[in-house]
Structure formats: structure tokens, C-alpha cells
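What follows is a short report on a single structure.
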2 protein chains.
Amino acid sequence: MELTERKKQILKIVVDSYIETAEPMGSKAIVERMPGKISSATVRNELADLTDMGYLEQPHTSAGRIPSPKGYRLYVNELMERKSLSAEETEAINRSLSGKMAGMDEVISRAGQMVSSFVGYPTYTVADHRSAATVRRFELIGVDSGSFIAVVMLSDSRVKSQLMALDLPVEQGHLPELSHLLNTHFAGIGAAEMNAHLMNLSDQVDGNWFLLLNRVVEYAGELLRQSEQQEVFTNGASQLLKFPEYRDVDKAHDLMSFMVDNKENLPVPSGDAPMQILIGPENVNDALKESSVVIASYDIGDNMRGLVGVVGPTRMDYATVAARLSYFAESLSAMFGKKNQLPPKEEEE
Amino acid sequence: MELTERKKQILKIVVDSYIETAEPMGSKAIVERMPGKISSATVRNELADLTDMGYLEQPHTSAGRIPSPKGYRLYVNELMERKSLSAEETEAINRSLSGKMAGMDEVISRAGQMVSSFVGYPTYTVADHRSAATVRRFELIGVDSGSFIAVVMLSDSRVKSQLMALDLPVEQGHLPELSHLLNTHFAGIGAAEMNAHLMNLSDQVDGNWFLLLNRVVEYAGELLRQSEQQEVFTNGASQLLKFPEYRDVDKAHDLMSFMVDNKENLPVPSGDAPMQILIGPENVNDALKESSVVIASYDIGDNMRGLVGVVGPTRMDYATVAARLSYFAESLSAMFGKKNQLPPKEEEE
DNA sequence: GTTAGCACTCCGGGAAAAGGAGTGCTAAAT
DNA sequence: ATTTAGCACTCCTTTTCCCGGAGTGCTAAC
């Protein structure tokens, strides 16, 4: 059977309507939205065909039609109108992006929140380190006789620091030497190798020094492990409750706790496409089989990519989500990808 | 009318039962739990009295009784058994606390998660700065000709740092001098005064230097404003869905989105008590009128207190929550309050 | 003060009935 | 060959009604 233009037109009407109302659509309602004159009986024939072909489904014998995953897929690939954002929308997104963000860490964690409130669905974010992070530079700053600040600059240009105190006296004069030691032995290597190097040093340096070095290296190792860990953050899970498909508290609870407790299993993009849409059963994970996910990634320089995913019912408003999400991703890429690792210079306020 | 011992005993049974089952309790069921022999008719008389006195309520004429907020209040103040934790429970809590936590920031944000998973209710956390934060020390570290690291140590011992790049050349040799300038002019003062001081400097120092200083001071100011902002974090909101009182999706949604969008209005402790319980209508906020909140605070040194609140239905298991929460708060205080501002030294793993 | 007995209330669940939206099919029209 | 009108039929949804049970409040006796 052939997928005529008219069939596509009808399919699009059904999907658009179902996305909006979450109600099955019948032949009469379709006629009203069709251009030209056509009878409901004709539409019914077309609907029967579309159902045979697998693009539509019938909740029960005498109900209207709703889109099947296959129907959504066709809709997303061919039928849906690529929306462009209105001036107000781009303006609003720009405004939310222009707020103060102290560093990339914050960008990543905030991006999810911002996207979630803009698209009206829950989101999740991941910082994707293309290559394993290493320490680019150590620096020790003396504070007083018992404590010092360890500053660690990572290969992805993040800088982390922490006050450290030791029970033994920290001789300020030696800190530059110790920094140098750290930089020569522990810069540019992975967390795993650090421990080995540390062992080697254990009998080469003074015991007190070793304790201090050990402490700093442990801290650095922790940072590296953290960044390899690809922590996932979720935002706005409660937005799910707005949708009738999650009026069933158990369904809502299942998905929400999946998003919280099983974050690691949320999908990540498989190809290189800037945006990816996974519809219902296309998701490998059971908990997502009745939901859809839209994933976009953005560049934040230094071999890092941010990833933000939008989760919603299969009846998600793909056109709007895709438009907003891609604008977001592009804006973020523009802000961070270009001027490598620099925070945005904000003029306003 | 007088509140006899027997009335209290009955009240306690009703509250205990209702907390467990969420079902109204009738006179027969009460008799089964009463020691000694007593008839259901007698219990009914007592129930009628307790209802008159406002400690119990009747969902409808021919249903059993449920506790009123006043009943919960009495229960919490006098009746409930102060539970002590089992060895397994303290062990589990200790284990969760012993994990790596890189700094106080992380402690605060993790505490909420840990408590939430331990008590089985959603939580929120606030970092409460007793006194306004200031910068204790600035330090600039040269990286290359165009960039440097700004390290800012705050009065609460947090250390923050960020890589900064400027369009103008950063002369490494001048950084110590600039650090000194920052420390003499901007240490120990609030964010507001910083701007004034900056103005004064604008014509005293070289233009390029000023740009650099400006950048660092702006960063520091942002950090100070952030810490004054008392950001609230919420955790585990989805746990609400477990409770029958939130099977009504709208109620769940109301409370959940309140916890997310109106975080700032979540209650903070009013007195000095280590723990505070707000029951139903005792909450000023409408969204919480049918829920209860248990708040505890813990000491994390340097004039800072962490605050963690547990949110649940009025039928919350106060005894267990209070026991676990106070153990948590005490443990955290012990870890951080004592050895001022130091991260826990973890031996294991 | 306590208890047995009893009439009464009201909720909750299940069955039956009514209503309605929508379909599929047939046969006629284009 | 496609489109259309007509109609019987299906099945969901809502409403109504009925019944059983849990629990109460009251009265009268202990």
C-alpha cells in the first residue's frame, strides 16, 4: 500500500492534534481540519489504511486513532514543521543565558534547569569529557603554619581549590618546592597512575612532605575520578505530573525515580547528529518505553561537550522542543565553544 | 474536660496506627491494642471526648477517627516514643557520611540527598551564614601571557578559584603586586563596599591593571552575593508519590512544584531548638498547610550552619524522622563543627 | 463509670442502564 | 476506481441504583 500525500496529511493532523489534546481523533474531527471538501467516510478509509500500515493505533474498537511510535517517527522525520522561535522566545532564552555563571561547572548544572523551564519537560544533563582529564598544574599557597591552599588546574581548564590543614607544621618556604614536585610528578597523568608515582616518592622525600603531597594528590585524584564519572543531573522531574499520561501516580513514580536513581542509564547520543530523538520503544530502557527523549549536545571547549536531554511522554511536542533545545545548544556552543573555556563576559546588570 | 491518662493512651494508639496505615481507626481496633480489658463502648465515649477536645477528627459520620493537627502536636510533644536508632541504622548513616566529600559545599548539598534517602521523605537544605561572608585572601597565579588563575579564600574558609583570560597581556611579574593590592583593598569587606573601593582605585592604577582587578573583584563579589543568597536545594521530591495522601496528582504537583519553584519560602527554624517540627496548619505557607516539616540544623564551623528540612504528609513518621534526622545533624556537627572547617579525614576505601 | 444492644449513617464497590462517539461495511453515486 | 451516504454495531464512559459493612451515638441496664 502506498503512502499518498493525503495519507501523510491526515497523519500529520492526527499527530498534531494528539500532541495537543492527548485525545484520540475521529474521522469527523479530521474532516474539519482538512482543506477542500472530503467526507468522513473517505477519511475513515484512509485511517483504516494508515492503521494497517502501522502508523496509527486504535485504543479500542470504537475509539478514534492515536499515533503509533512508527507514526511519530514519520512525523518527526518528515512531517513536522520545523518551528522557528519567536523574537520573544529567543529573547527570553538569551536573557536566561546572560545571567551570571561563574564557571563551566555552573553552566552545565544550570543548563538543565533553564532548558527544563523553557521546554516544560524534565531534563537531564551530563558533562561529556571527550578525553580523560589530567592535572595541568598544581599550586600550593601558604595560609598559616598549619594550613595551606591547594589549587589544581585541570586539563579541561577547570580550576579547583581547597583549604587543607595538617597536624604537622607547614613550612611556608617549602611550598614552592613542593608545588614544583607535584607538577613534575603528577601533572599530565591519570588518577590511576598517580598512586603508583606516589609510591615511588614515598622513600625519596621527607615523611612530613610526603604526607602533604599525599593529601594533595588524593584531592587531585578525587577530582579526576569525579570528572570521569560523568555525573548526571536531573531537573524539573515534577513537570511530568502535568501530563495526563502520568496521572497514574505509579507510572509517574516509576519514571521519576528512574530519572533520579538510575540517571546513569538515561540515553546518550549515539551518532554525531546535533540532536537526536528517541521515541517510545526506540529507547532501550524499559522505564522509557512509553516516553520519548530529545537529546542535544553543545560544545564547551577543551574537549568537553555538555549534553542535555528532554524527557516527556511520546506525545511530546517535538517541534517546539526541538526548536528550543537546538537554539539553546547553539547559543551555549557559541558562548563557550568559540572563546575557549572563557566564561561569558556579561555586559548587563 | 480533662485529658486523662487513658485518653492520652488512646490518642497515642490512634496516631501510631494512622501514621502506619493512613486509615481511620475505629473503637474495636483500638480495644485490641489496649492493655487490660475495656469495651469498645467505653472507648467510643473516650473517642467522642477526644474529638470534642479537638485532638481527633472524623472524616465522616460513620468512619473511625484520625488525628487532628492538635492531636499530632500533643503526640509530638508528649506522647511519641523517642526512638533510638538501631546499630544497623547508625552504621548505615555513618557509612553514607564517610564517603568522599571534597568540601563544605559538597557536604551541604549532599546532606539533603543522604537524609532524604534515609528518612524516605523529600528534603531541602540551606547553608545559613551567620555573619556576612567576606574575602579573607586573594591570590593570583600566572598561567600564560593571556590568562591567570584567581584564587579567592572566603571568610568561611571556602576556597574558590577560576581561570581568567583577558584580551590584554598579563604580565606575570606583576601578579604578586596585584594580589597585594587586592588583599589590602578588598579583603574583609562586603560585596557592596567592593564596588565603591573599586571606583576609588580606577584612577590610581594603570588601566590594564584596573581591568584585571575589576575582573577579579567582580568574581569575588559574585561569590559573596551567592553565599548571602542562601540558596535552597531540594532532594527526593518524587518520594512524595509513595504516600496515599499524594495519590491525587494535583496535590502532589502543587507541593512538588512549590518545593522547586518556591524554595525560598520553605520554613527555616525560628528558635534555637536543635530540631523543630511544624505540623500542617502550623505552617504559614498555604502549600504546606496539609503537610508537615521537620527541620534540623547542624554546625559546619566558621559561623556557618547547615539546615536540613524533611517534608511529608502530616501523617509523617515523626518519631523515626526525628531520631534519624537528629543523629544525622549531630554526626555532621561532630564532623565539621569540631575540627573547624576541615574536611573529614577518611580512612577507608 | 462501664457495658451490651440496637438503630442509624455513610462510604465503597458492583451491577445495570443510558448515552455517545466512532467505526466498518454495504451499496449507491460520481 | 474512488468517493460518499447510511446504518448497524461496538465499546467506553458516566450515571444511577443498590447493597453490605464498618462504625457511630444513644439508651438502658449493670
Side-chain angles (χ1 to χ4, degrees), chain A residues 1-11 13-15 17-18 20-68 71 244-245 247-248, chain B residues 1-11 13-15 17-18 20-68 71 244-245 247-248:
Chain A
M1 197 167 331
E2 212 191 336
L3 194 58
T4 62
E5 266 316 304
R6 194 171 65 184
K7 284 193 172 58
K8 286 186 187 175
Q9 196 177 16
I10 289 175
L11 178 58
I13 289 173
V14 173
V15 178
S17 158
Y18 190 70
E20 195 185 340
T21 66
E23 297 288 335
M25 197 177 200
S27 52
K28 284 219 202 82
I30 293 173
V31 169
E32 286 166 24
R33 298 225 204 163
M34 288 284 281
K37 36 191 272 196
I38 186 174
S39 80
S40 65
T42 310
V43 172
R44 275 202 292 284
N45 288 331
E46 298 285 55
L47 286 177
D49 290 351
L50 282 165
T51 308
D52 285 345
M53 288 188 268
Y55 294 108
L56 292 177
E57 287 172 355
Q58 234 173 337
H60 24 260
T61 341
S62 77
R65 301 304 208 289
I66 63 173
S68 71
E245 22 275 282
R247 303 243 22 133
D248 177 353
Chain B
M1 196 168 331
E2 212 191 337
L3 196 59
T4 63
E5 268 315 305
R6 194 172 63 183
K7 284 194 173 57
K8 286 186 186 174
Q9 197 178 16
I10 290 176
L11 178 58
I13 290 174
V14 174
V15 178
S17 157
Y18 190 70
E20 195 186 340
T21 66
E23 297 287 336
M25 196 177 201
S27 52
K28 284 218 202 82
I30 294 174
V31 169
E32 286 167 22
R33 298 226 205 162
M34 287 286 282
K37 35 191 275 197
I38 185 173
S39 82
S40 65
T42 310
V43 173
R44 275 202 292 283
N45 289 330
E46 297 284 54
L47 286 177
D49 290 351
L50 283 165
T51 308
D52 285 346
M53 289 188 269
Y55 294 108
L56 292 178
E57 287 172 357
Q58 234 172 336
H60 22 261
T61 340
S62 78
R65 301 304 207 289
I66 63 173
S68 71
E245 22 274 282
R247 306 255 359 147
D248 177 352

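Every chain is numbered from 1, with letters handed out A, B, ... down the list of sequences.
- In this structure, the CD1 atom of B:Ile30 is 14 Å from the C1' atom of D:dA22, given to the nearest Å.
- If you take CD of A:Gln58 and C1' of D:dC9, they are 14 Å apart, rounded to a whole angstrom.
- Taking 3.5 Å as the limit, the base of C:dT9 and the side chain of B:Ser62 contain a donor-acceptor pair of atoms between them.
- We find that CG of A:Leu47 is positioned 10 Å from C1' of C:dG22, with the value rounded to whole Å.
- Between the C1' atom of C:dG22 and the CG atom of A:Leu50 lies a distance of 16 Å, rounded to the nearest Å.
- Nearest to the side-chain atoms of B:His60 among the listed nucleotides C:dC11, D:dT24, D:dA5 stands C:dC11.
- Per the geometry, CE belonging to B:Met34 stands 15 Å off C1' belonging to C:dT3, to the nearest Å.
- Summarising the geometry, atom NZ belonging to B:Lys7 is positioned 9.0 Å from atom CG belonging to B:Asn45; distances are rounded to the nearest 0.5 Å.
- The side-chain heavy atoms of A:Leu50 and A:Leu3, taken from C-beta on, include a pair separated by under 4.5 Å.
- Within the 3.5 Å criterion, the main-chain N or O of B:Glu57 finds no donor-acceptor partner in the side chain of B:Thr51.
- Note on B:Arg6: a side-chain N or O is less than 4.0 Å away from OP1 or OP2 of C:dT2.
- Residue A:Leu56 contributes atom CG, which lies 11 Å from atom P of C:dT23 at whole-angstrom precision.
- Between B:Arg65 and the phosphate of D:dT24, there is a side-chain N or O to OP1/OP2 separation shorter than 4.0 Å.
- Across all strands, B:Ala41 comes closer than 4.0 Å to base atoms (heavy-atom distances).
- Side-chain atoms of B:Gln58 and B:Leu47, non-hydrogen and from C-beta on, never get closer than 4.5 Å to each other.
- Take the nearest nucleotide of DNA chain C for B:Arg44 and for B:Pro59: the residue whose nucleotide is more 5' is B:Arg44.
- At the phosphate of C:dG24, neither OP1 nor OP2 sits under 4.0 Å from any side-chain N or O atom of A:Thr61.
- At a threshold of 4.0 angstrom between heavy atoms, the contacts of A:Ser40 with the nucleic acid are absent.
- Rounded to a whole Å, the CG atom of A:Asn45 is 18 Å from the P atom of C:dA29.
- Taking only side-chain atoms of B:Thr42, from C-beta outward, the nucleotide of C:dA4, D:dT24, C:dT2 with the closest atom is C:dT2.
- Looking at every heavy atom in both residues, A:Arg6 comes nearest to A:Ile38 through NH1-CD1, 3.7 Å.
- Atom pair A:Ile10:CD1 and D:dT3:C1' shows a separation of 13 Å (rounding to whole Å applied).
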